[in-house]
S.K.: 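Got a structure for you, questions after.
No experiment lies behind these values; they were computed from the predicted model shown. In what follows, chains are A, B, ... by sequence order, proteins preceding strands, each numbered from 1.
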2 protein chains.
Amino acid sequence: MPGNVSSPGATVVSRVLAVLYAFDNGHRRLGVTELARRADLPVPTVHRLLRELVAGEALTRDSGGRYAIGRRLWDVGMLAPEQTELQQVASPFLSDIHAATRATVHLAVRDGAEVLYLDRLSGRASVPVVSRAGSRLPLHSTGVGKVLLAHAPAQLREDYLATDLRRPTVHTITHPERLRRQLAAVRREGYATTEDEMTLGACSIAVPIARAASGDGEQEVVAALGIVVPTLKRERTRLLTALQVAARGIGRSLP
Amino acid sequence: MPGNVSSPGATVVSRVLAVLYAFDNGHRRLGVTELARRADLPVPTVHRLLRELVAGEALTRDSGGRYAIGRRLWDVGMLAPEQTELQQVASPFLSDIHAATRATVHLAVRDGAEVLYLDRLSGRASVPVVSRAGSRLPLHSTGVGKVLLAHAPAQLREDYLATDLRRPTVHTITHPERLRRQLAAVRREGYATTEDEMTLGACSIAVPIARAASGDGEQEVVAALGIVVPTLKRERTRLLTALQVAARGIGRSLP
DNA sequence: GCCCACCTTTCACTGAGTGAAAGCCCACTC
DNA sequence: GAGTGGGCTTTCACTCAGTGAAAGGTGGGC
């Protein structure tokens with residue numbers, strides 16, 4: 001019996017998405033076989049889908065027969081309102097912070113149980129920074145992550161603390177009780193810091209960006225703003241002020 | 001006869017792409033009917049595709065039944081190597097220029113017969129700027145556009161000059177012979193300028209970013225770097241130098 | 001030369017996709 | 001409060017687009 005042995009719930013649309021989602025930061029250029037394995041689909045099926053996607057300019061195909069996300073999908077992605085509206089409003093404020101501090105500046109939101117970086121202005125200082133726009137990191141090991149975790153729904157926060165927390169460095173705080181106390185401090189003080197917790201040699205400060213929620217005076221944290229510096233020993237107050245001014249400005253500019 | 005009257009060459013993949021491509025800068029949130037009209041597909045077909053795309057987290061659906069590009073497609077778009085590799089290499093240099101000039105900085109490539117903006121750092125100065133990352137503008141009315149047009153294949157350039165050129169402002173240069181001479185000057189001098197040609201009250205300077213092409217000493221222009229300022233009367237030399245230093249730095253950092 | 005890994009094409013089968021038609025739901029009108 | 005128009009959703013009989021095992025290339029390592 002040749003032909004259809006598709007698993008249940010398999011539509012063409014879901015297969016197309018499986019192929020697209022098979023690409024990631026470490027795998028931006030992939031061949032048919034590897035895509036098929038990553039998408040868990042038969043090779044000929046993937047091959048046909050790829051041909052159609054290339055014909056539709058969604059993917060590109062290089063001379064070596066490797067496929068990559070194409071310009072038109074980049075275009076489409078840039079239209080995602082959730083990400084780009086905030087990014088656009090925040091852009092001039094990020095520039096201000098960058099001008100004032102010369103540090104790497106980050107704009108990030110919480111996506112499930114991860115930090116999702118929406119934008120980054122790179123500092124020229126020799127601080128190792130792993131994030132880039134579109135990348136994801138743990139919530140408990142970065143400044144913006146701690147801010148977002150501190151202001152996440154209590155249930156999600158507790159669930160997160162109950163999981164086995166990653167340890168990017170030996171300084172990463174993974175003890176639930178200690179982290180819980182730190183998050184309470186973040187809510188109380190209005191900012192979060194890290195020292196060598198994500199990358200050795202990198203410290204960070206971050207503050208929440210809040211929008212006045214529906215009608216009443218209640219505030220809702222929608223994003224976080226942070227900078228990465230070699231050390232927090234000096235200038236902590238000045239950096240914090242620059243961040244808070246910008247965060248307030250962004251919050252006021254939100255629709 | 002109910003059912004299939006699909007036009008020839010219509011596959012599910014092409015329909016999915018038609019739906020995705022129906023979104024644009026001015027239409028980021030659309031209902032079923034409007035999407036169907038824009039994608040030129042029957043409403044029930046689009047409705048089903050939308051449901052599957054939302055289930056796959058490619059699109060989001062708001063309470064009003066309007067659809068928009070979702071987070072995961074934004075993610076996917078951020079993986080497009082052509083756009084983001086260049087953007088990432090250039091990022092710290094854009095910051096440098098921004099710090100040195102406080103102007104709006106642009107990184108752009110040519111996409112067919114249009115300028116495609118890959119990145120923008122907004123200046124706080126009150127200069128009207130219409131572009132944003134992902135947007136497209138005519139090649140002849142912006143600084144980066146003139147640079148890219150000047151270094152485009154001769155055939156494409158001539159074809160472009162032969163078309164009916166848009167006039168965003170009264171200062172836009174649309175006379176073919178005058179533009180042709182200006183483009184020759186751009187190649188000769190190594191930079192392009194505009195004055196009120198895209199937006200009244202905005203001037204620009206732009207320079208090419210070149211990569212040493214395959215083996216020989218030949219240079220290939222892959223992108224353009226530009227800034228937008230209120231006036232070019234002052235500081236033209238300083239601005240130009242900042243741009244050229246950055247462009248050379250980016251060119252050297254290219255793979 | 002032989003093997004192995006990957007890419008591409010073929011092809012008989014069939015259920016996933018199709019879209020006209022009908023049914024909703026809501027807002028606004030008279 | 002019946003009527004109207006707009007868009008959103010569901011149904012359903014038909015059939016062709018999609019399927020994937022198998023076979024056929026292609027290239028590179030040794």
S.K.: Using a 4.5 Å cut-off on heavy atoms from C-beta on, say whether the side chain of Leu116(A) contacts that of Gln83(A).
M.R.: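 Yes - at least one pair of side-chain heavy atoms lies under 4.5 Å apart.
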S.K.: What integer distance in Å separates Arg66(B):CZ from dG6(D):P?
M.R.: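 About 16 Å, once rounded to whole Å.
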S.K.: Tell me every residue that passes side chain to side chain contact (heavy atoms under 4.5 Å, CB included) with Thr174(B), counting only those two or more places apart in sequence or in another chain.
M.R.: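 Side chain to side chain contact (heavy atoms under 4.5 Å, CB included) check on Thr174(B) returns His140(B), Leu165(B), Arg167(B), Thr172(B).
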S.K.: Quickly work out the Leu41(A) CG to dA21(D) P distance and round it to whole Å.
M.R.: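 Whole-Å distance recorded here is 11 Å.
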S.K.: Both Gly65(A) and Val12(A) contact DNA chain C. Which one's nearest nucleotide lies toward the 5' end?
M.R.: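 Closer to the 5' end of DNA chain C: Gly65(A).
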S.K.: Report all side-chain donor-acceptor pairs from residues 55-62 of chain A shorter than 3.5 Å, counting only partners two or more places apart or in another chain.
M.R.:
residue  : atom : partner  : partner atom : Å
Arg61(A) : NH1  : Tyr67(A) : OH           : 3.3
Asp62(A) : OD1  : Gly64(A) : N            : 3.0
Asp62(A) : OD1  : Gly65(A) : N            : 3.2
Asp62(A) : OD1  : Arg66(A) : N            : 2.9

S.K.: Do the non-hydrogen side-chain atoms of Thr142(A) and Glu197(A) ever get within less than 4.5 Å of each other?
M.R.: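 Counting from C-beta outward, Thr142(A) and Glu197(A) never come under 4.5 Å.
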S.K.: Could you tell me which residues satisfy side chain to side chain contact (heavy atoms under 4.5 Å, CB included) with Glu52(B), sequence neighbours excluded, listed by chain and number?
M.R.: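 Per chain and number, Glu52(B) pairs via side chain to side chain contact (heavy atoms under 4.5 Å, CB included) with Thr11(A), Val13(A), Arg48(B).
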S.K.: Is the shortest heavy-atom distance from the side chain of Leu53(B) to the side chain of Leu73(B) under 4.5 Å?
M.R.: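 A side-chain contact is absent here, since even the closest heavy-atom pair is not under 4.5 Å.
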S.K.: Are side-chain heavy atoms of Pro168(A) and Thr199(A) found at a separation under 4.5 Å?
M.R.: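 Of all side-chain heavy-atom pairs linking Thr199(A) with Pro168(A), none is under 4.5 Å.
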S.K.: Distances under 3.5 Å only, N/O to N/O: pair up the protein atoms with those of nucleotides 2-5 of chain C.
M.R.:
none

S.K.: Using the 3.5 Å cut-off, write out each protein N or O paired with an N or O of nucleotides 22-26 of chain C and the distance between them.
M.R.:
none

S.K.: Can you tell me how far apart CD1 (Ile209(B)) and CG (Leu225(B)) are? Round to the nearest 0.5 Å.
M.R.: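 With rounding to 0.5 Å, CD1 (Ile209(B)) is 4.5 Å from CG (Leu225(B)).
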S.K.: Does anything in residues 16-36 of chain B reach DNA chain D, meaning a heavy atom under 4.0 Å, and if so which residues?
M.R.: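 Under 4.0 Å from DNA chain D: Gly31(B), Val32(B), Thr33(B).
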S.K.: Below 4.5 Å, heavy atoms only, C-beta onward: do Leu156(B) and Arg110(B) meet side chain to side chain?
M.R.: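 They are in side-chain contact.
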S.K.: Give the angle between the helix axes at the two ends of the helix from dG1(C)-dC30(D) to dC30(C)-dG1(D), taking five base pairs at each end and rounding to 10°.
M.R.: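 Rounded to the nearest 10 degrees, the bend comes out at 40°.
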S.K.: Applying side chain to side chain contact (heavy atoms under 4.5 Å, CB included), can you list everything that pairs with Asn25(B), at least two apart in sequence or on another chain?
M.R.: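 Here the qualifying residues are Leu79(A), Arg28(B), Arg132(B), Ser135(B).
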S.K.: Please name all residues satisfying side chain to side chain contact (heavy atoms under 4.5 Å, CB included) with Ala133(B), sequence neighbours left out, ordered by chain then number.
M.R.: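 So Ala133(B) forms a side chain to side chain contact (heavy atoms under 4.5 Å, CB included) with Met78(A).
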S.K.: Could you tell me which residues satisfy salt bridge (charged side-chain N to carboxylate O under 4.0 Å, His left out) with Asp159(B), sequence neighbours excluded, listed by chain and number?
M.R.: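 Testing Asp159(B) for salt bridge (charged side-chain N to carboxylate O under 4.0 Å, His left out), a comparison that skips the adjacent residues, returns none.
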S.K.: Heavy atom of residues 42-61 of chain A under 4.0 Å from DNA chain D: which residues?
M.R.: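 Residues of residues 42-61 of chain A under 4.0 Å from DNA chain D: Pro42(A), Pro44(A), Thr45(A), Arg48(A).
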S.K.: On the nucleotide dG7(D), are OP1 or OP2 found under 4.0 Å from the side-chain N or O atoms that Arg37(B) carries?
M.R.: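 False: Arg37(B) side-chain N/O out of range (4.0 Å or more) of dG7(D) OP1/OP2.
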S.K.: Using residues 87-94 of chain B as the side-chain source, report each donor-acceptor pair under 3.5 Å to any protein atom, sequence neighbours left out, with the distance given to one decimal.
M.R.:
residue  : atom : partner   : partner atom : Å
Gln87(B) : NE2  : Asp119(B) : OD2          : 2.8
Ser91(B) : OG   : Ser122(A) : OG           : 2.9

S.K.: Can you confirm whether Asp40(B) is buried at CG, in the sense that more than 12 heavy atoms of other residues, nucleotides or ligands lie under 6.0 Å from that atom?
M.R.: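 Counting other residues, nucleotides and ligands, CG of Asp40(B) stays at 12 neighbours or fewer.
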S.K.: Among Leu254(B), Val109(B), Leu148(B), which one satisfies side-chain contact (heavy atoms from CB on, under 4.5 Å) with Val222(B)?
M.R.: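 So the option named by the test is Leu254(B).
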